[in-house]
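Written below as structure tokens is the structure these notes are about.
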There are 2 protein chains.
Amino acid sequence: MQNGDQEVPSQPRHSDKAAGAYTLAEQIGYLLRQANQRHVAIFTSRMNEKLTTTQWAALVKLRDLQPCSQVNLGRETAMDVATIKGVVDRLAKRNLVRTAPDTTDARRLVLTLTEEGEAAVARNLPVANDISEETLSTLSSAERAMLAELLRKIS
Amino acid sequence: MQNGDQEVPSQPRHSDKAAGAYTLAEQIGYLLRQANQRHVAIFTSRMNEKLTTTQWAALVKLRDLQPCSQVNLGRETAMDVATIKGVVDRLAKRNLVRTAPDTTDARRLVLTLTEEGEAAVARNLPVANDISEETLSTLSSAERAMLAELLRKIS
DNA sequence: CTGAAATCATTTGTACACAAAACAAAGAAA
DNA sequence: TTTCTTTGTTTTGTGTACAAATGATTTCAG
């Protein structure tokens, strides 16, 4: 089978940058996953009381929004309904979040921070700042701002 | 309870940038999670045959490394041993990856792509390029390079 | 007012992600 | 060779993450 028409570029139905050069380590998805992994690792090792990144996000956001429905908290923290439910359930079990039916709208579940929840947020805010700081420690001030802007642009 | 000593800055045991201004949406962890979410959403909607980002990473990397042990593939794709096992198991069940005991080292599990696996990679490479392209579509060429470099720097 | 559409919550099922522990096999040091 | 250490794999348990379906409630249009 002699091949003679292999290199003829037909109309590109796909973006073929350099045709065939697909390096996993250069793909944006891989880079995002890696960077996120490192951040989570830093977070996990630094955050004292076994709070996950998502749990922390929910607590911090709830502090600003409370009282707040579960779905709304999910929206504000970029979590799926099923995900936010799991997160809230675990936080409620640990007595950091209080849940109560809404007296006005029977569909809603009203969330508030407990005393303990408020305290946990207050106590860990400096830690959270340190975590962000360490994650970005290899970047200059300008680079940090640039990274934040670029991430926002693609979100 | 009158408060009079609230604003006195004691020695900062933590990095307090503007003391108390912690905005979730500005934190690097949140931005990374958001950007990754959007990329995964694009990937999921575009990739035809129900391949996940991780499964795709494993397939592509295995193509270059095969034959290759399971743990090694995990290392090369930044996956935990438990994670890579799950991914490989699912790919093997779908006949995209073949597993066999290593004749030299009885500990190792040797992985190779099946014919079907090779075909799946070849068939979807253009799609994968499109996915990366769409993820970065709001950025200029220079911005893409900058983002990649910054992500690498913090990884 | 009533039926359709939208919203909120829950459940189910699949798939990462990682810590920790257990075990077998290989390699190195004594 | 025998012991110690390292390496590869598997298993268990917890916690995101999301699609899809279900049911209850509210809102809105007619």
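Per chain, numbering begins at 1; letters A, B, ... match sequence-line order.
Using a 4.0 Å cut-off between charged side-chain N and carboxylate O, A:Asp89 and A:Lys85 make a salt bridge. Looking at B:Glu133 and B:Arg144, a side-chain N of the basic residue comes within less than 4.0 Å of a carboxylate O on the acidic one, giving a salt bridge. Between B:Arg123 and B:Glu49 there is a salt bridge, since a side-chain N of the basic residue sits under 4.0 Å from a carboxylate O of the acidic one.
Of the listed residues (A:Arg98, A:Lys61, A:Glu118), just one forms a side-chain hydrogen bond (donor to acceptor under 3.5 Å, both in side chains) with A:Gln66, and that residue is A:Glu118.
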Under 3.5 Å, N/O pairs linking protein and nucleotides 16-20 of chain C:
from   : atom 1 : to      : atom 2 : distance (Å)
C:dC16 : OP1    : B:Thr52 : OG1    : 2.6
C:dC16 : OP1    : B:Thr54 : OG1    : 2.7
C:dC16 : OP2    : B:Gln55 : NE2    : 3.1
C:dC16 : OP2    : B:Arg90 : NE     : 2.7
C:dC16 : OP2    : B:Arg90 : NH2    : 3.0
C:dC16 : O5'    : B:Arg90 : NH2    : 3.1
C:dA17 : OP2    : A:Arg33 : NH1    : 3.2

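Here the C1' atom of nucleotide C:dA15 and the CG atom of B:Asp89 are 12 Å apart, to the nearest Å. Between the CZ atom of B:Arg108 and the P atom of C:dA26 there is a distance of 10 Å, rounded to whole Å. The CG atom of A:Leu109 sits 14 Å away from the C1' atom of C:dT7 (whole-angstrom rounding). Atom CZ of B:Phe43 and atom P of D:dC18 are 15 Å apart (whole Å). If you measure from atom CD1 of A:Ile84 to atom P of D:dT16, you get 10 Å, rounded to the nearest angstrom. Rounded to whole angstrom, the span from the CE atom of B:Met47 across to the C1' atom of D:dC18 amounts to 18 Å. We find that CG of A:Asn72 is positioned 12 Å from P of C:dT7, with the value rounded to whole Å. The separation between B:Lys93 atom NZ and C:dA15 atom P is 8 Å, rounded to whole Å.
For A:Met47, the CE atom sits in a packed shell: over 12 heavy atoms of surrounding residues, nucleotides or ligands are nearer than 6.0 Å.
When each of A:Ala106 and B:Val71 is assigned the nucleotide of DNA chain D bearing its nearest heavy atom, the one mapping closer to the 5' terminus is B:Val71.
Under the 3.5 Å distance criterion, with hydrogens and angles disregarded, a donor-acceptor pair is assigned to the side chains of B:Gln27 and A:Ser132.
Counting distance only, with no hydrogens placed and no angle test, the side-chain atoms of B:Arg107 and the base atoms of D:dT7 include a donor-acceptor pair under 3.5 Å.
Residue-level contact check: A:Thr104 touches the backbone only, with heavy atoms under 4.0 Å from sugar-phosphate atoms and none from bases.
Within the 4.5 Å cutoff, the side chain of B:Leu139 has heavy atoms near those of the A:Ile154 side chain.
In this model, the phosphate group of D:dT9 is not approached by any side-chain N or O of B:Lys85 to a distance below 4.0 Å at OP1 or OP2.
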